[in-house]
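In what follows, every chain begins at residue 1, and chains take the letters A, B, ... in the order their sequences are listed.
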2 protein chains.
Amino acid sequence: MTTIDDVAKLAGVSKSSVSRVINGNFQYMSEEMRGKIEQAIKDLDYRPNSVAQSLKKKETKVIGLVVGDLNSFWSVALRGVQEECMRNGYGLMVSESAWDPERDLANIHMMKSKRVDGLIVSPIRQHKQVDDLLNSLDIPYIFADSTWEEIVTDQVVTNTIAGAVEAVEHLIQLGHSRIATILFTLENSVRKERLEGYKRALQKHGLPLDETIIKICKAGKGTGVEAVIELLHMPDRPTAIFSTNMHLTLDVLKGVRMAGLDVPGDISVVGYDDSEWAPLLDPPLTTVAVPAFQMGVKAASLLIQKLQNKKPRKPKKIEIMPKLMIRHSATQLNQSRKADELPVVKLSDHTLTKEKSNENHQTGANSRKA
Amino acid sequence: MTTIDDVAKLAGVSKSSVSRVINGNFQYMSEEMRGKIEQAIKDLDYRPNSVAQSLKKKETKVIGLVVGDLNSFWSVALRGVQEECMRNGYGLMVSESAWDPERDLANIHMMKSKRVDGLIVSPIRQHKQVDDLLNSLDIPYIFADSTWEEIVTDQVVTNTIAGAVEAVEHLIQLGHSRIATILFTLENSVRKERLEGYKRALQKHGLPLDETIIKICKAGKGTGVEAVIELLHMPDRPTAIFSTNMHLTLDVLKGVRMAGLDVPGDISVVGYDDSEWAPLLDPPLTTVAVPAFQMGVKAASLLIQKLQNKKPRKPKKIEIMPKLMIRHSATQLNQSRKADELPVVKLSDHTLTKEKSNENHQTGANSRKA
DNA sequence: GTGAAAGCGCTAACAG
DNA sequence: CTGTTAGCGCTTTCAC
């Protein structure tokens, strides 16, 4: 592998001079020498060994990403991180902790030992040891899409409440006033915030809050279907549903169909979370998209900015706004229909099919070249 | 940042000895010295600077992944790669080329300059310069999930044909003999192979090949819906459909519904590609899963094995077998129903809804903590 | 303007 | 068994 000495030899100069042109320090260099060196570099197709550079300069030009769960959200965010890193001449090291704080620790140590210049972390949940380690680190780091208490460093998060408000307001603007919502049990802040957004939107528009049309189900197959069917059997049936995640949304669509009703004809649906498939559903889903890619870009650029400003500023918190993707599952409330009798809910006999599939085989989405 | 000298000083020994314990070379070391050193290391919480180690040892313990398109398939595969790297003490650098061969080149150069020990590459299409660069590289590399001609290095691929055969055979075993298939235009080998598998399965079971029930549609919204409806209007309507990708499968489901028929009651459907949502569809989709995670693991372990065997073996090609996920969209052909008149296809008036949504906003799937 | 020399933190002969 | 020494490939004073 060709080294700086080879270049120096070929060009007939010292390696200091070669180093100067590599690093763009030719303010006081003769045109001639610069030309010779550049030629030699080209001839040898020389590329500096960045390990040696790093050792000397004490910076690696590599950013580390330590994420608790490399799920579909982070997979997309990762692309944003990577793109921004590349744009700025940084490499990206990736590690996943698979929900295990021990592995968070191990990964952070690994990143430190590899001397990454900065760290983007997104642990799955707060953990004292991880916290301590991070604080004892002499490497700049930021949090991304995480929800810890008392974070003392920069972070980028998405404004979940705003996304929920936007979803519900969209329904309100379409003329709906009796809007149900459906959630998984409120075990984490994201879920709570989606409910909070729902409430705020209603309040903002002077709509009453009716606890009977807030359905909270256990996470699991088909629980959403049951909830929807209950909703559809209510005497004063809601005309719209705000479904707070993709899993539930698919249940909602299924439940409505089982009841012999139509989305959006009989009931409008707005979901939360977007995916490649959302536009292909029947009907194409109106849903809140969390801009994962953009979040990744922001996280990387925030960190890089931090790496370049030596003087510490006060921790910054960047909020990414979700975006409502308006497709076809929510429409203007049909006034005439409202006056009429509501369509009758008819339940077929195969009502609540039980699922019993064996999904313990790790594969994953696959949209490749096909 | 604490160095090996600090440890040596604290333990009152030379740094060579410290280096020995770091590297586990204490065959000829007194227990006492070893103890002292290990204590000092613990006291200082010393971790070797792997940049310095790399410079000296000429190996970085980092693997580079250069992928053309970090889509949902690779996102999952990435997790497999990362996991296997971690298990073996390797770090992982990731870069994406976003369909641009120029960026493949740049990324490979970057990886080389960072001195990764080995490379997993998956360029989007064959490209002479990339090929040359790879061959001129003095870094071991393997191909993963790529389909180049004349590859002279190890590779891991999925057996697409076998997956398609399995899907169609499943239908045959359920008693179906008139099985249609639906594909996007045969622009790449993956698509061709899925068709090939379909043909082979029919042939193997002595079933006739009827070109009229092989529907090839342009990629795009709703093209699959039209194709299915044509299929359903045929006098000798097929009793099952092998749909060759997720996009088409959603169209198929929609088309059948629009025709007033039921999956799987009136027609069985087997798809290709699995996703988080496939089990949640209505009905839960029987489909071929490409084990992306497993592929990532295999790729990494193949490469690592290669890194550790210095003596070159002849290039190896590992095939990953797709797995049929049996859920509820394909069932036993109902003999009695077959004897009856086929259910009538009724088309509602909102037949082929035109899509006109604005999907140019990059977001992505999001299944996070909600 | 340019080169010589020191050294980043570590490993690996080679002595002792 | 343990320490001394010579680099790995590069950057960066500091002389010339």
note: B:Asp5, atom CG; C:dG9, atom P; distance rounded to Å ~ 8 Å
Residue pair B:Leu55/B:Gln27 against DNA chain D: nearer the 5' end by closest nucleotide is B:Gln27
Under 3.5 Å, is there a donor-acceptor pair linking the side chains of B:Ser122 and B:Asp145?
no
Comparing B:Arg115 with B:Met33, nearest DNA chain D nucleotide closer to 5' gives the residue B:Met33
From CD1 of A:Ile41 across to C1' of D:dC10 the rounded distance in Å is 13 Å
Hey, does B:Val13 reach any base, or is it just sugar-phosphate, or nothing, if we go heavy atoms under 4.0 Å? sugar-phosphate
* To do: Please check the phosphate of C:dG9 (OP1 and OP2 only) for any side-chain N or O of B:Thr3 closer than 4.0 Å.
  => no
B:Phe26 CZ to C:dA12 C1', in whole Å, measures 17 Å
When rounded to whole Å, the CZ to C1' distance for the pair B:Arg47 and C:dC10 reads 17 Å
Notebook entry, point to check: Would you say the side-chain atoms of A:Lys112 and B:Asn49 include a donor-acceptor pair closer than 3.5 Å?
Noted result: no
5' to 3', nucleotides 11-16 of chain D under a 4.0 Å protein heavy-atom cut-off (B base, S sugar-phosphate only, - none) gives BBB---
- Message: For B:Ser113, is there any backbone N or O sitting under 3.5 Å from a side-chain donor or acceptor partner on A:Ser50?
- Response: yes
Are B:Arg79 and B:Glu84 ion-paired here, with the side-chain N under 4.0 Å from a carboxylate O?
no
- Could you tell me whether B:Asp132 and B:Lys128 make a salt bridge, using a distance below 4.0 angstrom between a side-chain N and a carboxylate O? yes
Does a salt bridge link A:Lys42 with A:Glu38, judged by any charged N lying under 4.0 Å from a carboxylate O? no
To the nearest angstrom, the NZ-C1' distance between A:Lys58 and C:dG7 comes to 10 Å
To the nearest angstrom, the NZ-C1' distance between B:Lys9 and C:dG9 comes to 13 Å
Do A:Asp69 and A:Trp99 get their side chains close enough for a donor-acceptor pair, meaning under 3.5 Å?
yes
Whole-Å distance, A:Met1 CE to D:dC10 C1', equals 15 Å
Rounded to whole Å, CD of B:Glu31 lies from P of D:dT2 at a distance of 10 Å
